[in-house]
Amino acid sequence: MQKLTLVCSSLFLFLTTVAFADEPKTAKLTDYFPPPETKGGWRSLLPKTGYPDADQKATIREAAGIDWDKLAAAADYNQAAEGDSALLVIRHGYIVGEWNFGCVSNQSFNIFSCSKSYTSLAFGIFLADSETGNLSNGKKLTLDTKVCNKDWLPESLPLPDPRKADITLRHLLTMTSGISGDEPYPFATLEWSLGRFQNSPWSKLKGDPGTVFHYSNAGVTHLVLIARHAAGHDLFPFMKKRVFDPIGIEQIQWTQMGDNNWGQVSQGFSGILTTAREHARFMYLSMHRGQWADKQIVPASYYDLAWQGTKVKPDYGGLWWIYPHHRDGPKDLVQTAGFRNNHGFAVPSIDLVFIRLGLGYNYPKDFESELVKKVLAAVEK
């Protein structure tokens with residue numbers, strides 16, 4: 001893989017109008033990076049079976065700054081919710097808490113809209129590849145490139161709404177394109193999402209690009225098709241070569257969608273099937289701003305764009321949830337968020353990653369925010 005040494009200057013200018021939060025001082029992150037699960041996987045401070053004893057809890061507190069009993073209280077809260085679930089907590093590169101209720105540690109879950117952040121990350125790489133002239137189609141792609149045209153999205157033509165001509169890559173990544181938030185139909189998803197069928201809810205924009213926020217799976221479908229033009233093939237093999245293999249993600253699939261007209265593509269807005277430990281690698285890579293060991297897998301400046309909100313939606317960046325989504329949490333807490341409380345969290349300032357995956361449908365009120373508070377309460381230093 002070609003080393004990413006140059007990045008698109010537009011990455012530093014993700015939004016001209018942003019909501020700023022005071023940046024916490026980031027602690028020095030551990031330089032440990034786990035081998036793949038088949039070669040040993042994450043290091044752990046937990047016993048091989050059962051709960052840690054008093055001496056082991058003292059080691060967890062000393063090495064990772066975690067009160068294990070408080071962390072166990074967070075696990076109890078999670079277990080009380082409906083359905084099988086996995087809760088994984090990693091501090092300073094150590095597994096300090098891992099609970100699998102009704103499942104095993106290598107069980108795959110659909111992480112639903114957490115998948116959006118994977119799609120976003122791919123575009124961080126595309127932008128850098130564009131700057132170095134390495135996109136497969138040889139074209140130039142920036143955040144301010146208008147994309148509903150023959151160069152990047154010929155499938156969108158003819159445009160069902162003339163305002164779509166003004167949609168940029170930035171708009172699609174920040175959900176400010178004006179494309180409706182209606183759920184795509186399970187059939188003919190690509191054509192429907194691009195508004196190509198009569199009476200499609202995505203035929204007309206809900207507002208001018210850049211002026212409104214709509215959480216839109218259809219908008220991400222646009223990104224998936226743009227990615228295919230940028231990479232020359234589907235998103236999943238691109239991510240496998242450039243991200244998953246280099247950081248040791250082995251157990252992962254991406255649900256396909258499409259039809260005979262436009263072919264199959266990765267779902268993009270959802271559909272990644274993976275484990276808590278594998279999703280933790282994605283979050284750990286992001287906490288290290290794209291670095292894995294001695295390799296820069298993703299341009300560090302991508303996270304400047306991904307983790308910066310917009311004027312119309314301050315707690316949403318480039319397909320990531322950010323502060324003040326969890327107003328009581330650290331200001332650098334970032335989140336991938338999916339249906340049925342499938343989530344990934346990273347807090348660089350305290351070197352913390354935690355994952356919650358599950359199969360339940362019904363949850364207590366404020367379940368997500370309460371779980372976050374309980375995990376954070378276990379962090380001592």
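This chain uses plain numbering: 1 for the first residue, then up along the sequence. This one's a predicted model, so the numbers in the text were calculated from it and none came from an experiment.
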| Hey, mind stepping through Arg281 and Glu37 against salt bridge (charged side-chain N to carboxylate O under 4.0 Å, His left out) and telling me if it holds? | CA-CA 11 Å; Arg281 290 175 184 270; Glu37 287 299 303; 3.5 Å; yes
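- Classified by interplanar angle (parallel below 30°, tilted 30° to 60°, perpendicular above 60°), the ring pair Tyr361/Phe339 is perpendicular.
- Within the 4.5 Å cutoff, the side chain of Phe123 has heavy atoms near those of the Leu223 side chain.
- Put simply, the side chain of Trp254 gets close to the backbone of Ser270: a donor and an acceptor are under 3.5 Å apart.
- Judged purely by atom type and a 3.5 angstrom limit, Asn342 uses its side chain to pair as donor or acceptor with the backbone of Gly358.
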| request: Under the salt bridge (charged side-chain N to carboxylate O under 4.0 Å, His left out) rule, what do Glu98 and Arg277 come out as? Steps first, then yes or no, please. | output: CA-CA 10 Å; Glu98 185 173 29; Arg277 288 188 176 207; 2.7 Å; yes
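- Figure legend: cation-pi geometry between Arg43 and Tyr94, with NZ or CZ positioned under 6.0 Å from the six-membered ring centre and within 45° of its axis.
- Using a 4.0 Å cut-off between a side-chain N of Lys or Arg and a carboxylate O of Asp or Glu, Lys140 and Glu131 qualify as a salt bridge.
- A distance-only check finds no donor-acceptor pair linking the side chain of Thr176 to the backbone of Leu172 [under 3.5 Å].
- In this model, no donor atom of one side chain and acceptor atom of the other lie less than 3.5 Å apart for Ser108 and Gln253.
- A heavy-atom distance below 4.5 Å is found between the side chains of Asp69 and Lys57.
- Under the 6.0 Å distance and 45° angle rule, Arg340 does not count as a cation-pi partner of Phe112.
- For Ser203 (side chain) and Gly195 (main-chain N/O), a donor-acceptor pair under 3.5 Å exists by modelled atom type.
- A ring pair (Phe, Tyr, Trp, His ring centres under 6.0 Å) with Tyr77 is found for exactly one of Trp99, Phe101, Phe367, namely Phe367.
- You'll find the side chain of Thr30 reaches within 4.5 Å of the side chain of Tyr284, heavy atoms only.
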| message | For Asp67 and Arg61: C-alpha separation, side-chain torsions, deciding distance, then whether salt bridge (charged side-chain N to carboxylate O under 4.0 Å, His left out) applies. | response | CA-CA 6 Å; Asp67 182 323; Arg61 174 176 276 111; 3.2 Å; yes
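- His288 and Gln296 share no side-chain donor-acceptor pair at under 3.5 Å.
- Of the N and O atoms on the side chains of Lys164 and His222, at least one donor lies less than 3.5 Å from an acceptor on the other residue.
- For the pair Leu190/Val224, no side-chain contact is recorded, criterion being any heavy-atom separation below 4.5 Å from C-beta on.
- Classification of the Tyr118-His279 ring pair by plane angle, with boundaries at 30° and 60°, yields parallel.
- In this model, a donor atom of one side chain and an acceptor atom of the other lie less than 3.5 Å apart for His92 and Asp351.
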| said: For a side chain to side chain donor-acceptor pair (under 3.5 Å) check, start with the C-alpha distance between Ser266 and Asp234, then their side-chain angles and the critical distance, and finish with the verdict. | reply: CA-CA 7 Å; Ser266 297; Asp234 182 43; 2.7 Å; yes
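- Side chains of Thr168 and Asp144: a donor-acceptor N/O pair is absent below 3.5 angstrom, by distance only.
- The shortest distance between side-chain heavy atoms of Asp328 and Lys373 falls below 4.5 Å.
- Side chains of Phe109 and Leu273 form no contact here, defined as non-hydrogen atoms less than 4.5 Å apart.
- Nearest heavy-atom pair, Gly181 versus His214, reported as atom, atom and distance to 0.1 Å: N-CB, 4.0 Å.
- Here the straight-line distance linking atom CD of Gln56 with atom OG1 of Thr59 works out to 7.5 Å at 0.5 Å rounding.
- Side chain of Arg356 to main chain of Gly344: no donor-acceptor pair is present (N/O by atom type, distance under 3.5 Å, no hydrogens or angles).
- In this structure, Ser216 OG and His171 NE2 are separated by 14.0 Å, a value rounded to the nearest 0.5 Å.
- There is no side-chain donor-acceptor pair under 3.5 Å between Lys116 and Thr119.
- One finds the OH atom of Tyr302 at 10.0 Å from the CG atom of Leu127 (value rounded to the nearest 0.5 Å).
- Using the six-membered ring where Trp is involved, Trp320 and Phe282 have ring planes that are parallel, under 30° apart on the 30 and 60° scheme.
- Between atom OG of residue Ser180 and atom OH of residue Tyr215 there is a gap of 14.0 Å, rounded to the nearest 0.5 Å.
- Side-chain atoms of Leu153 and Ile167, non-hydrogen and from C-beta on, never get closer than 4.5 Å to each other.
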